[in-house]
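Comments concern the structure below.
Throughout, numbering of the chain's residues begins at 1 and tracks the sequence.
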Amino acid sequence: MPRKESETITKVVTTAEISEILGVTKRRIQQFADDGALVRLNRGYYDLPASINKFIEYQISKALPSDSKIDKEAEMALWTRAKKEKTQLEVQIIKGELHRSEDVKRIMNDMLMAFRQRTLSLPTKLAPQLVMMEDIQVIKNTLKTGVLELLHELKDYDPTVFYEISKDKMFLDEEDAEEEEMSDIRVDQLRL
């Protein structure tokens with residue numbers, strides 16, 4: 001038979017049971033009940049469904065900062081910390097220590113495509129050299145030299161390549177950006 005909306009299910013639990021459910025001590029359960037975070041029926045007995053709802057509301061209200069709790073010094077400290085972290089990230093970007101994942105993906109794709117093309121052209125490049133060779137050691141050395149040339153293309157890391165294509169140049173201060181624009185204009189005028 002379906003339950004009517006007006007009917008509520010009450011599951012009564014003891015202090016020990018609800019402390020085990022919430023993972024806190026029995027003393028803490030009593031403190032929660034005194035704070036109105038749990039629904040106490042009688043001494044040592046609690047309404048479990050109602051207590052869980054109350055406890056969730058209590059935890060949420062405790063976690064949300066009220067406007068009266070926010071003070072200006074704490075707000076300024078947070079602002080200063082955020083500004084410092086932003087500056088540190090900008091410095092890392094400029095030094096080439098930090099790159100956007102999209103920039104890394106683009107550069108790696110370009111590099112790997114070039115490597116793939118050179119690898120596929122290796123047989124065409126080396127076949128004419130190897131066709132007349134009979135000495136196995138000479139053939140091995142020729143192939144090894146060709147492979148080492150290919151691998152040499154992958155060995156160098158150049159952070160400036162990442163910075164040149166990066167969108168993070170927007171982090172420059174307005175004064176620095178204006179100076180950079182002016183120097184670009186001067187260079188363009190010199191070319192004319």
Side-chain angles (χ1 to χ4, degrees), residues 1-113 115-116 154-177 180:
M1 180 176 240
R3 187 171 41 126
K4 293 180 185 174
E5 287 185 27
S6 62
E7 292 179 27
T8 57
I9 298 175
T10 302
K11 166 84 169 120
V12 178
V13 292
T14 64
T15 303
E17 291 171 326
I18 199 163
S19 72
E20 187 176 327
I21 291 169
L22 296 178
V24 295
T25 63
K26 293 177 188 176
R27 176 68 190 128
R28 189 68 181 126
I29 292 296
Q30 292 168 356
Q31 290 171 344
F32 282 141
D34 293 342
D35 291 344
L38 299 173
V39 179
R40 186 184 297 159
L41 297 174
N42 288 322
R43 184 182 168 127
Y45 293 97
Y46 299 87
D47 179 349
L48 182 62
S51 291
I52 289 174
N53 288 332
K54 277 279 203 187
F55 186 73
I56 291 171
E57 290 171 9
Y58 174 79
Q59 291 296 338
I60 290 172
S61 69
K62 210 171 85 169
L64 295 176
S66 68
D67 291 338
S68 62
K69 289 183 181 177
I70 298 176
D71 67 27
K72 290 186 180 191
E73 286 182 28
E75 194 68 26
M76 281 303 293
L78 290 173
W79 173 253
T80 304
R81 183 182 309 142
K83 200 170 179 181
K84 178 182 172 187
E85 288 174 1
K86 179 182 180 256
T87 303
Q88 288 172 339
L89 290 174
E90 289 172 352
V91 168
Q92 284 181 306
I93 289 168
I94 291 169
K95 286 183 174 181
E97 297 170 353
L98 184 66
H99 309 295
R100 288 181 174 271
S101 60
E102 62 196 42
D103 295 339
V104 172
K105 182 178 178 182
R106 186 176 329 131
I107 288 173
M108 293 304 295
N109 281 340
D110 292 348
M111 188 174 74
L112 291 173
M113 284 303 293
F115 181 74
R116 180 182 183 272
L154 296 177
K155 81 171 186 124
D156 292 326
Y157 165 73
D158 185 8
T160 58
V161 174
F162 290 90
Y163 185 70
E164 288 171 1
I165 69 161
S166 178
K167 295 176 185 174
D168 290 322
K169 291 180 184 177
M170 66 186 173
F171 285 128
L172 295 174
D173 290 330
E174 289 180 18
E175 293 174 4
D176 294 340
E180 189 174 288

Could you pull out all donor-acceptor pairs under 3.5 Å where a side-chain atom in residues 28-39 meets a protein atom, sequence neighbours excluded?
from, atom 1, to, atom 2, distance (Å)
Arg28, NH1, Gln31, OE1, 2.9
Gln30, OE1, Arg27, NH1, 3.2
Asp34, OD1, Arg40, NH2, 3.4
Asp35, OD2, Tyr58, OH, 3.4

About how many Å separate [atom2] of [Y] and [atom1] of [X], when rounded to the nearest 0.5 Å?
X	Y	atom1	atom2	answer
Glu57	Lys54	CD	NZ	6.0 Å
Ile21	Leu48	CD1	CG	4.5 Å
Trp79	Lys72	CH2	NZ	15.5 Å
Glu73	Leu78	CD	CG	12.0 Å
Glu20	Thr25	CD	OG1	13.5 Å

Other residues, nucleotides, ligands: >12 heavy atoms within 6.0 Å of Tyr45 OH: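 Count not over threshold, so no.
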
Check side-chain contact (heavy atoms from CB on, under 4.5 Å) between Glu17 and all other residues, then give those that pass, not counting sequence neighbours.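 Residues passing side-chain contact (heavy atoms from CB on, under 4.5 Å) with Glu17: Val13, Thr14.
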
Can you name the residues that form a side-chain contact (heavy atoms from CB on, under 4.5 Å) with Lys26, not counting sequence neighbours?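 Thr15, Ala16, Ser19.
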
Which heavy atom of Pro49 sits nearest a heavy atom of Asp47, and at what distance?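 Nearest pair, atom of Pro49 first, then Asp47: CD-OD1, 3.1 Å.
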
